[in-house]
Amino acid sequence: MRMRRARRVVVRAAQYAAIALITLFAVFPFYWMFLTALKQNRDLYVGATNLHHVPWVFNVPPTLEHVQLLFQRTAYLVWVRNTVFVGAVVVAITLVFAAPAGYALARLVGRWGERLGIALFLTYLVPPTLLFIPFARIVSVLHLQNSLWSLVVIYPTFTVPFCTWLLMGFFRSIPRDLEEQAMIDGYSRLAVIRKVVMPLAVSGLLTVVIFAFTLVMQEFVYALTFISSVQKMTLSLGVPVALVRGDVFYWGSLMAAALITSIPIAIVYNLFIDRFVAGLTHGALKG
Amino acid sequence: MGYVETRDLRKVFGDVPAVDGVDLSVAEGEFLVLLGPSGCGKTTLMRMIAGLETPTSGEVYIAGERMDADVPPRARGIAMVFQSYALYPHKTAAGNIAFPLEAAGVARPAVTQRVQEGAALFGIGRLLPRFPRQLSGGERQRVALARAVVRSPKVFLFDEPLSNLDAKLRALARYELKKLQRQLGTTTLYVTHDQVEAMGLGDRIAVMNHGRVLQVATPREIYDHPADTFVATFVGAPPMNLIEVDDRTLLGFRPERFLPRPAFDPSADVVPFRLRVQHVENLGADRLVYGVLDERARSDQPVIADLPVTVTTPLGEGQVYDFGVERRWVRYFDRQNGARRGGGAA
């Protein structure tokens with residue numbers, strides 16, 4: 001009896017230890033960003049010369065000078081605006097294409113639906129480092145060089161297939177009976193999609209919005225290829241371009257930019273975490 | 001012409017015929033049950049009538065109008081209750097019941113009133129604000145029925161609506177469903193694989209197998225005068241006993257007509273059999289006697305007798321007894337194709 005209880009306590013302790021470790025692993029980058037963003041330079045760059053220096057605490061009072069530099073001497077706010085603009089347009093385009101495509105593929109009976117679904121997913125595996133060559137040609141034909149619209153044209157090429165595949169799983173999880181019932185209850189196929197399918201796929205659509213937006217935020221290669229003026233850069237491009245000058249890294253300002261950018265996304269993720277997990281597992285199990 | 005009618009209706013999936021030339025006619029106000037084992041095509045037949053499946057060939061008529069493939073389900077004047085009930089999970093019970101009325105463009109106040117009326121009919125008024133996930137199986141079924149009823153359809157289509165209920169609830173629901181249909185007088189097509197449900201509910205039963213309708217008749221007639229050996233053995237539990245008489249003939253009788261000789265009136269015209277009892281199951285209300293015929297031409301044929309509690313003849317396992325069947329309850333079938341031969345009108 002006592003043995004079993006002792007064992008349970010040990011198991012519990014091990015579980016909590018594991019959770020604590022994983023949490024630490026997840027939180028550490030944020031903490032490091034926070035620390036680096038607010039440290040004075042003489043606290044930041046002494047590790048190499050002073051072996052007794054403790055790097056993970058503030059050794060001298062924190063400062064806002066890196067944040068100031070970021071906001072006042074770079075185009076950070078312009079990049080935020082550019083990113084939100086491109087993100088919003090790309091998310092809208094993605095929804096417009098991926099939702100009907102995902103629905104059609106989910107309901108297309110027979111082998112072709114499945115094959116098309118897999119083919120879609122395979123396109124995701126072609127690396128952007130290959131694709132930017134043909135894309136450069138397209139962008140120049142469209143006269144979109146050095147314009148945010150070039151990104152609006154290019155980004156859906158990876159958000160649409162991926163999100164279509166994701167939504168396919170969602171739509172498949174909606175019982176066909178419900179749609180047929182609604183069609184008998186007096187609605188056309190389109191009305192059924194609007195009144196029954198879409199409300200039930202909300203968590204899927206939300207997943208797609210978050211996913212497409214984060215994909216846009218992370219993207220670097222295409223942005224680097226097609227955008228050259230600072231005023232037209234997105235965050236993922238502007239921050240490193242402006243704050244890495246030759247071999248001089250403005251670590252404090254870099255980390256401030258990373259932190260400020262990632263916090264809103266972290267909050268959104270946490271707000272929708274349940275639906276998000278549900279969305280991903282749907283995709284995983286039934287996609 | 002029937003109120004709902006199909007003419008030589010066919011549906012082929014790949015090269016498998018699911019429904020193979022069905023002519024069916026349902027009279028106005030009739031409760032017709034489509035009965036058959038799973039995969040016999042009964043659900044496909046119903047779905048073609050509903051417009052959810054396009055027939056490969058053949059015609060469907062509802063209330064005298066030809067329902068071509070391009071007449072969508074919503075324009076057929078039907079209401080359907082699925083086996084899963086198909087309640088909209090994002091709508092409350094009230095929202096579910098109101099949904100078809102909203103589609104029909106009924107004004108708001110009238111919708112509210114008809115939802116209330118429909119709910120009252122099924123005693124689910126207090127459940128209206130709840131979501132389907134907050135309802136029990138029986139309650140869900142009532143919501144689904146209320147949703148089907150409120151829009152006063154021309155035809156009800158039921159696809160095994162009771163099979164998700166537990167056994168106790170099912171008997172009650174069956175009674176209520178029948179009462180409701182009588183009250184409304186709406187023409188009803190009901191799909192089931194449960195012969196008890198079919199016998200209890202149907203004004204007539206259409207027995208299907210392999211995509212074909214084998215017999216359409218009243219429950220009594222299906223039971224007493226089955227058209228062939230499939231109907232004879234599919235309807236009734238335990239099924240009809242079939243005995244090989246010769247190369248061409250099968251002889252059939254219901255287990256409850258197969259009784260020990262002392263149970264018959266001495267003046268009755270009885271066909272005698274000798275039964276070697278192998279096993280007796282006492283079920284309370286009746287005894288099931290399993291045995292083989294101990295006969296002249298062909299013996300060793302397994303048969304079952306279903307003795308009511310009023311027949312008290314003691315029976316020992318391994319012993320041989322004199323049994324019999326009244327001649328008027330004996331049926332003959334063709335051994336080759338299973339069809340019934342002579343002996344009583346259909």
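Quick note on labels: first sequence line is chain A, next is B, and so on, each numbered from 1.
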A.B. asks: Can you tell me which portion of A:Ala182 sits under 4.5 Å from chain B's heavy atoms? Options are side chain, backbone, both or neither.
C.D. replies: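 Contact with chain B involves both backbone and side-chain atoms of A:Ala182.
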
A.B. asks: Between A:Glu180, A:Arg189, A:Met183, who has the most heavy-atom pairs with chain B when the cutoff is under 4.5 Å?
C.D. replies: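 Option with the top pair count is A:Glu180.
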
A.B. asks: Answer yes if the side chains of B:Tyr85 and B:Asn96 hold a donor-acceptor pair under 3.5 Å, and no otherwise.
C.D. replies: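 Per modelled atom types, B:Tyr85 and B:Asn96 side chains form no pair under 3.5 Å.
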
A.B. asks: So what's closer than 4.5 Å to chain A heavy atoms on B:Gln83: side chain, backbone, both or neither?
C.D. replies: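 For B:Gln83, no heavy atom lies under 4.5 Å from chain A.
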
A.B. asks: Is a side-chain N or O of B:Arg174 found less than 3.5 angstrom from the main chain of B:Leu201, in a donor-acceptor match?
C.D. replies: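 Pair absent, no side-chain N/O of B:Arg174 close to backbone of B:Leu201.
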
A.B. asks: Less than 4.5 Å to any heavy atom of chain A: does that hold for the side chain of B:Arg76, its backbone, both, or neither?
C.D. replies: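 Contact with chain A: none, neither part.
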
A.B. asks: Are the side chain of B:Thr188 and the backbone N or O of B:Phe156 linked by a donor-acceptor pair below 3.5 Å?
C.D. replies: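 Answer holds: no.
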
A.B. asks: Among B:Asp159, B:Leu101, B:Leu87, B:Val81, which has the most heavy-atom pairs under 4.5 Å with chain A?
C.D. replies: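 Looking at each option in turn, the highest pair count goes to B:Leu87.
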
A.B. asks: If only side-chain N and O atoms count, and only distance matters, is there a donor-acceptor pair under 3.5 Å linking B:Gln181 with B:Tyr190?
C.D. replies: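 No, B:Gln181 and B:Tyr190 have no side-chain donor paired with an acceptor closer than 3.5 Å.
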
A.B. asks: What part of B:Ala79 is in contact with chain A, defined as an atom under 4.5 angstrom from a non-hydrogen atom: side chain, backbone, both or neither?
C.D. replies: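 Interface part for B:Ala79: backbone (N, CA, C, O).
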
A.B. asks: Are the side chain of A:Thr157 and the backbone N or O of A:Val153 linked by a donor-acceptor pair below 3.5 Å?
C.D. replies: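 Not a single qualifying donor-acceptor pair exists.
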
A.B. asks: Below 4.5 Å from any heavy atom of chain B, which atoms of A:Leu200 appear? Answer side chain, backbone, both or neither.
C.D. replies: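 Just its side chain gets close to chain B.
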
A.B. asks: Counting heavy atoms not belonging to A:Phe34, are there more than 12 under 6.0 Å from its CZ?
C.D. replies: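 Incorrect, the count does not exceed 12.
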
